[in-house]
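My structure is below; once you've seen it, I'll send some questions.
In this text, all values refer to a predicted model and were calculated from it rather than measured experimentally.
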Amino acid sequence: MKSKKFTTVFIAFAITASATGCSGKKFGSGSDKAGILNVSPRSIVFEWQELYEQKLNEFMKSDNFSEIAQGGIEESRFDLYDLDGDGTPELLISANNQHKTQCEIFTVSDGQVVSAGSFGEYGTFTYYPAFSMIKDEYSGAGFVVGKFLTFDGEGFREYFSYSDNSGSASKGASIKHEINGQSLTLPEYDEAMNVYRNARTATIGRKYTFGSASIDYALHCSESWGAVLTPTEKKLFTEQLRNSLSVAEELENDASFEFCDLNGDDVPELIVSEGSGTNNYCRIYYISNNVLLELDGKYGYKGKLYYDNEQLVFYTMGGSTGNACWSLTNSDISSFNVSRSHMECGRKYILSEENITTSMQ
C-alpha cells in the first residue's frame, strides 16, 4: 500500500496579497473508491448559497470592505456557522480585526438574507456550542458586564445578564455580583457562572478571506462534505474521530476537527486539532483504497493550519517550524506566497460525540 506523497518546504515565505501562480498535475487523491465516481460537493445545492454569495458581493462593494491588510489592521473576512442547529449556517462578516469592530451576523428568513445583529470585538465573537448561545461582554477597570444570548433562527434573545465589580475592591468600591439584576453572594455568583466558564467555546467570524477561490470553497464545499462521503468513508472517519476523542478526553485537551479538501480532488482530508495550546498541532488523515492513513508528522501551530484555496497549499506561521508550507500536489512551492484566497482550518467543530455525528450528515 502506497502512502500519499506530499511536498514540504520550510521557508520564510512572504505573507502577501500576490499569488505565485503555482501549477502542477495532481498525483494523489484523498480517496480511491474502487470504481465509484466521486460526488462533487458542488453538486449539492442549498438556497442559502446564492443568497450569501449575493450578500458577500454586496459587502465587497461597500466602504467597510478592505481587500488587503494595511497598517497592522487585517483585511475583511467572513465565516459560516450554524448557530441554531437547524442545518443552515449563518453568514458572519467581519470588516477588520480592530478592537471595536463587531462581527455582523446574517441569516436566511423567507428567502431573504436579513441581519440578526452585530456582536463581539476584534471582528469576532464567542460562541458556546453546548448551549447554542453567544456571549456579549464588556470589561473595564475593575468590572465586567455582559449577557448571554440565544439565536432563534431570526434574531437573538437575551438569556441572562450579569455584572461583577470584584476588581474594584482595592479602590474601596461597594462590591456587587449580579445576575439579571439580582444581587448574589460571590459563591452563588460563581456557581451560576462556572457552568459557562468551564464550557468549550469557539471564536468565530474570521475564517475565510474574500478571494474568489475561498468564497467558492466556503459556499459550495465546506458545508457539504457529510452529504458526499460514502458509507465506508464515514465509517473510517468516525472511527478515527472517536479514537482522537478518547485521547483528547484522557489528556483533557480542547481538541477540534474539520474536513478540508487539501488537494482539490473533491474528496476531503480529515484534520484533527490536538488543542489550541502553544504545543498543540494538527494531524491529517486521508483514505486510500478504503483504508484510513495518516500523513507523517504533525502540522500547524496552536492547533490550526492555514490553507491557500487558490494554490492548494497548506501552511503555518510561527511555532517550532517557523513559517512552513506543504502541498499534496506536485506543484513547485519553493517560492510560495499566500494568495488572496486563504482560510484557517482545523478547528471548525469541537471534538465531541455529537459533532462527530453532525459532521457526517
Task: Given K304, R347, K302, the one that forms side chain to side chain donor-acceptor pair (under 3.5 Å) with S273 - done: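 In the set K304, R347, K302, the residue that makes a side chain to side chain donor-acceptor pair (under 3.5 Å) with S273 is R347.
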TODO: Write down the atom of V267, the atom of E233, and the distance for their closest heavy-atom approach.
DONE: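 That would be CG1-OE2, 4.2 Å.
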Task: Pairing of D266 and R42 as salt bridge, 4.0 angstrom limit - done: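 So D266 pairs with R42 through a salt bridge.
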Open item on the list: Quick check: closest heavy atoms across L92 and C103, and the distance to 0.1 Å?
Closed with: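 Nearest heavy atoms, L92 then C103: CB-SG, 3.7 Å.
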TODO: Would you check if the side chain of N96 reaches a backbone N or O of E75 as a donor-acceptor pair within less than 3.5 Å?
DONE: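 Absent.
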- [ ] Take E258 and K207 through the salt bridge (Lys or Arg N to Asp or Glu O under 4.0 Å) test and state the conclusion after the steps.
- [x] CA-CA 12 Å; E258 179 169 356; K207 184 175 180 67; 3.0 Å; yes
Open item on the list: Looking at every non-hydrogen atom in both residues, tell me the closest pair between I284 and L305 and how far apart they are.
Closed with: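 Smallest interatomic distance, heavy atoms only, reads CD1-CD1, 4.0 Å.
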Open item on the list: Is a donor from one side chain sitting under 3.5 angstrom from an acceptor on the other, for D254 and S276?
Closed with: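 Yes, S276 and D254 have a side-chain donor paired with an acceptor closer than 3.5 Å.
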TODO: Assess whether atom CD of E353 is packed by more than 12 heavy atoms of other residues, nucleotides or ligands within 6.0 Å.
DONE: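 Above 12, so yes.
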Open item on the list: Could you check whether Y52 and F59 have their ring centres less than 6.0 Å apart?
Closed with: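 F59 vs Y52: aromatic centres not under 6.0 Å.
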Task: Distance-only donor-acceptor check, side chains S76 and E67, under 3.5 Å - done: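 Note: S76 and E67 side chains miss the donor-acceptor criterion.
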Open item on the list: Looking only at the side chains, is there a donor atom on one of S341 and S339 sitting less than 3.5 Å from an acceptor on the other?
Closed with: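 No, no side-chain donor-acceptor pair sits under 3.5 Å.
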TODO: Please determine, by modelled atom types, if S244 and Q240 share a side-chain donor-acceptor pair under 3.5 angstrom.
DONE: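 There is such a pair (donor and acceptor under 3.5 Å, judged by atom type) between the side chains of S244 and Q240.
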Task: Pair K298-E274, salt bridge (Lys or Arg N to Asp or Glu O under 4.0 Å): steps then yes or no - done: CA-CA 10 Å; K298 297 182 180 180; E274 297 175 334; 3.4 Å; yes
Open item on the list: For D265, is there any backbone N or O sitting under 3.5 Å from a side-chain donor or acceptor partner on D261?
Closed with: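 Yes, D261 side chain to D265 backbone: donor-acceptor pair under 3.5 Å.
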TODO: Decide, yes or no, whether a salt bridge links E53 with K55 under the criterion of side-chain N to carboxylate O below 4.0 Å.
DONE: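 Salt bridge: no.
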TODO: Please work out whether the ring planes of F257 and F259 are parallel, tilted or perpendicular, with thresholds of 30° and 60°.
DONE: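 Perpendicular, since the angle between the ring planes exceeds 60°.
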- [ ] Run the ring-centre check on Y159 versus F131 and record whether the distance is less than 6.0 Å.
- [x]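 Ring-ring flag for Y159/F131: false, centres at least 6.0 Å apart.
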Task: Ring geometry between F119 and F125 (parallel below 30°, tilted from 30 to 60°, perpendicular above 60°) - done: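 Perpendicular, since the angle between the ring planes exceeds 60°.
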Open item on the list: When you measure from the side chain of D216 to the backbone of A213, do you find a donor-acceptor pair of N or O atoms at a distance under 3.5 Å?
Closed with: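 The answer is no, because no donor-acceptor pair under 3.5 Å joins these two groups.
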Task: Test item: side-chain donor near acceptor, E344 and Y208, under 3.5 Å - done: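 No.
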TODO: Would you tell me whether T232 and T230 have side-chain atoms, one donor and one acceptor, within less than 3.5 Å of each other?
DONE: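 No, no side-chain donor-acceptor contact under 3.5 Å.
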Open item on the list: Quick test of your reading of the model: are D152 and R157 salt-bridged, counting only N-O distances below 4.0 Å?
Closed with: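 A salt bridge links D152 with R157.
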Task: Pair Y122 + H99: ring centers closer than 6.0 Å - done: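 Yes; H99 has its ring centre under 6.0 Å from that of Y122.
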